[in-house]
Amino acid sequence: MATTDAEIERVRALVALIPPGRVATYGDIAAAAGLSTPRTVGWIMRTDSADLPWHRVLRADGRPAPHLAGRQLQRLAAEGCPLLDDRVDLRRARFDLTADQSPSD
C-alpha cells in the first residue's frame, strides 16, 4: 500500500515535536502516527526530512543508523542527550509522543 500525503505529514509533525536532547524511535513514531510498520517512518525520514530534526529519530535499541552514526551522535551530544557509548540512553532520553503536546493556558 502506498504511503499517503496525510501519513507523511503526520510523521513530519511528530518528528518536529521532539525537543532538543530527546529522541524517539522509528517504532514510537509509527505507533503515534497510526502506521503499521516503523519501516514507513524510515522511508519518510530518508526521503523527506531535510528540514526536520532527523537526528532525534533512532532505531529501537537506541543506536543510530550505521551510515549516520558519527554525525547523529555528535548532534545529540551537543544537545545534551544522554549517551551510553555508541547509543542513546532511551530510558532517560525517550520523548513521549503520546502525551498531550498542546500548550497549556
Side-chain angles (χ1 to χ4, degrees):
M1 181 191 298
T3 304
T4 67
D5 289 343
E7 290 169 333
I8 292 169
E9 289 309 311
R10 277 198 308 269
V11 168
R12 289 179 51 78
L14 289 164
V15 172
L17 287 174
I18 306 167
R22 304 295 296 277
V23 297
T25 68
Y26 294 100
D28 295 339
I29 295 166
L35 301 174
S36 61
T37 177
R39 290 177 186 255
T40 303
V41 176
W43 176 83
I44 292 167
M45 295 301 295
R46 210 171 30 256
T47 60
D48 192 24
S49 67
D51 61 336
L52 294 173
W54 60 268
H55 60 286
R56 298 180 189 146
V57 181
L58 301 163
R59 299 182 326 184
D61 64 359
R63 294 177 199 262
H67 68 286
L68 299 171
R71 217 169 71 190
Q72 193 166 9
L73 291 172
Q74 184 178 29
R75 284 185 178 205
L76 290 169
E79 292 181 351
C81 188
L83 303 178
L84 296 169
D85 299 319
D86 61 346
R87 72 178 74 195
V88 170
D89 182 353
L90 288 178
R91 192 175 41 80
R92 293 174 41 214
R94 189 177 237 152
F95 183 66
D96 184 1
L97 291 166
T98 63
D100 181 11
Q101 306 300 325
S102 60
S104 58
D105 293 325

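As the structure is a prediction and not an experimental result, all values here were calculated from the model.
Of all the heavy atoms in L90 and A60, the pair that sits closest is CD1-O, 3.3 Å. Here the closest heavy-atom approach between residue R22 and residue F95 is recorded as NH2-CA, 3.7 Å. For the pair L97 and A24, the tightest heavy-atom approach, listed with the atom from each and the gap, is CD1-CB, 3.8 Å. Closest approach of R71 to W54, counting heavy atoms only: NH2-CZ2, 3.4 Å. Nearest heavy atoms, A93 versus G21: CB-O, 4.1 Å. Nearest heavy-atom pair across R59 and P66 is NH1-CD, 3.8 Å.
In this structure, CG in L35 is found 6.0 Å from CD1 in I44, a value given to the nearest 0.5 Å. Atoms CZ and CG, from R12 and D48 in turn, are 4.5 Å apart once rounded to the nearest 0.5 Å. Distance check: R56 CZ to I29 CD1 gives 11.5 Å after rounding to the nearest 0.5 Å. Taken to the nearest 0.5 Å, the CG atom of D28 stands 10.0 Å off from the CG atom of L14.
A distance-only check finds no donor-acceptor pair linking the side chain of R92 to the backbone of P82 [under 3.5 Å]. The backbone N or O of G34 sits nowhere less than 3.5 Å from a side-chain atom of E7 that would complete a donor-acceptor pair.
For D85, the side-chain hydrogen bond (donor to acceptor under 3.5 Å, both in side chains) criterion is met by no residue, not counting sequence neighbours.
Around the CG atom of D5, the shell of radius 6.0 Å holds no more than 12 heavy atoms that belong to other residues, nucleotides or ligands.
Proximity of V15 to V41: side-chain heavy atoms (C-beta onward) are nowhere separated by under 4.5 Å. Put simply, the side chain of Y26 does not reach to within 4.5 Å of the side chain of V11, judged on heavy atoms. Side-chain contact check for P38 versus T25: every heavy-atom pair is 4.5 Å or farther apart. In this structure the side chain of H55 reaches within 4.5 angstrom of the side chain of L76, judged on heavy atoms.
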Intermediate values then yes/no, side-chain contact (heavy atoms from CB on, under 4.5 Å), I18 and V57: CA-CA 9 Å; I18 306 167; V57 181; 4.3 Å; yes
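Cluster annotation: V23 and L17 are assigned to distinct hydrophobic clusters (Ile/Leu/Val/Met/Phe/Trp/Tyr, side-chain heavy-atom contacts under 4.5 Å, transitive).
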